[in-house]
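Take a look at the structure below.
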Amino acid sequence: MIEPSRGTRRVRAEFLPYSPPSIGQEEIDEVVDTLRTDWITTGPKTKAFEAQFGAYVGAPGATSLMLNSCTAGLHVALATLGVGPGDEVVVPALTFAATANVVEHLGAKPVLADVSPDTLCIDPASVASVVTKATKVLMPVHYAGHPADLDALDALADANGLHIVEDAAHAAPTWYRGTMIGSRANLAAFSFYATKNLTTAEGGALTGAPERLETARVLGLHGMSKDAWKRFDKGGSWAYDIVAPGFKYNMTDIQAALGIHQLRKLAGFHRRRQEVARAYTEAFAGVPALQPPTERSDVVSSWHLYVLRLRTEHLRIGRNAFIEELKARNIGTSVHYRPLHMMSFYADKYGFAPHDYPVARDAFERMISIPLHPRLSDVDVADVVDAVLGIVADHAA
Ligand SMILES: *Cc1c(COP(=O)(O)O)cnc(C)c1O
């Protein structure tokens, strides 16, 4: 239980980053151990991490496919489903650019849907309004670690013959109505980027039905019919075929060395994230100028991000000035995200106006991601709460 001390106007001595990695001696020792073996790229540690991660999320076949990023996972997932020119893929307007960029890479069209005002995940009603005969895939994002409404998306996918690919970059670990993200038959892509809940510096994983995962494995390594790492193993063979012009997306054992220990710590990391999120929400609930994030009753969020929205009508300053005030108090923040339709490439290519996705735009203009990570001490949390409440008091309308 964290008891924030309120009302102090002390400025903390050190800058508090919003999401630094949590790397311990175990990770460092395992990386060094890897460097002392002959397997520095994809090898036994990657294989072990694939099985451990697959078992952790309850993936089909208790396995997964490790790749060098979540972006690679999303790209290969769509390629596995044969997405190409003439196809449309529905993505939320409020997401990281990679979700839509991979659709462009395949020559297909990303079609945006607006998000739900409470969770900021893709809104099934908005999805229903943009599905056409060309739609092939729905790509929900479990925004900030809160699951998208998968039952409603499944119903749309079934009615229209569509695939689902989950952008699960934020979703380790996330549960939707008792089911863990990563346990479904459709492909789901996780991120192990430096700021994510589990990190391998750069890295990602795909989960899904074993036969789909095998196609993805081939496409993620040059389109080779056999794993390259097996070629150099005892009993391996020099012979391989190229069955498709695949990509070079494999994870290295140096990355897997980090991941194996990060995975063992993930449940503990998650408990601390939940504690911090609860403390923030208790401190901010009832403050008219602040809108804490929602966790629906039938889900468990991974609490990847704590996205606080300002009710700017109660303030004399806007979101950007609020961020500057936090910086002056040594509190690091970020913004997740400027919506895709407000990015110049997508706005220019598809002729979007800022008001086209009003929920995403309104959320963007009022949102701040405040520090949320397992290394936060109770004092750090109290510092963030004091800074936010202090700025609200200083600038109340
Ligand atoms: C981080 C992120 C990605 C990309 O992950 P990488 O591992 O950096 O490729 C994709 N989608 C979302 C929503 C993300 O936050």
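Read the numbers this way: they start at 1 and go in the same order the structure lists the ligands and their atoms. The shown structure was predicted, so the numbers you read here are calculated from the model rather than taken from an experiment.
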Under 3.5 Å between any N/O of Asp167 and any N/O of ligand 1: does that happen in this structure? yes

As an exercise, identify every atom of ligand 1 less than 4.0 angstrom from a heavy atom of Lys196. 1 (C), 2 (C), 14 (C), 15 (O)

So, are Glu282 and Arg278 salt-bridged, with charged N and O less than 4.0 Å apart? no

Which of the atoms in ligand 1, numbered in the order shown and given with their element, are less than 4.0 Å from a heavy-atom of Ser69? 7 (O), 9 (O)

Can you name the atoms of ligand 1, numbered from 1 with element, that are less than 4.0 Å from a heavy atom of Thr95? 13 (C)

Just by distance, with hydrogens left out, do Gln255 and Glu202 show a side-chain donor and acceptor under 3.5 Å apart? no

Going by an N to O cut-off under 4.0 Å, is there a salt bridge joining Glu50 and Arg217? yes

Any salt bridge linking Lys45 with Asp33? Criterion: basic side-chain nitrogen under 4.0 Å from a carboxylate oxygen. yes

Indicate whether any N or O donor in one side chain lies under 3.5 Å from an N or O acceptor in the other, for Tyr249 and His75. yes

Could you tell me the residue and atom name of the protein heavy atom closest to atom 3 (C) of ligand 1, and the distance to it rounded to 0.1 Å? Phe96 CD2, 3.7 Å

For ligand 1, indicate whether the residue His170 contacts it via side chain, backbone, both or neither (heavy-atom separation under 4.0 Å). side chain

Please verify whether a non-hydrogen atom of Gly203 lies at under 4.0 Å from ligand 1. yes

Tyr306 and Thr281: side chain donor to acceptor below 3.5 Å: yes

How close does the nearest protein non-hydrogen atom get to atom 7 (O) of ligand 1, and which residue and atom is it? Ser191 OG, 2.7 Å

Side chain, backbone, both or neither: the part of Cys70 lying under 4.0 Å from ligand 1 by heavy atom: both

Could you tell me the residue and atom name of the protein heavy atom closest to atom 8 (O) of ligand 1, and the distance to it rounded to 0.1 Å? Tyr193 CB, 3.8 Å

Side-chain ion pair, Glu104 and Lys109, N-O less than 4.0 Å: no

Heavy atom to atom 9 (O) of ligand 1, shortest distance: which of Thr71, Val141, Asn101, Val91 holds it? Thr71

With the threshold set at under 4.0 angstrom, would you say His304 reaches ligand 1 through any of its heavy atoms? no

Can you check whether His336 and Tyr18 have ring centres sitting under 6.0 Å from each other? yes

Checking heavy atoms under 4.0 Å, the part of Tyr337 that sits near ligand 1 is side chain

Pair Arg184 + Glu166: basic N to acidic O under 4.0 Å: yes

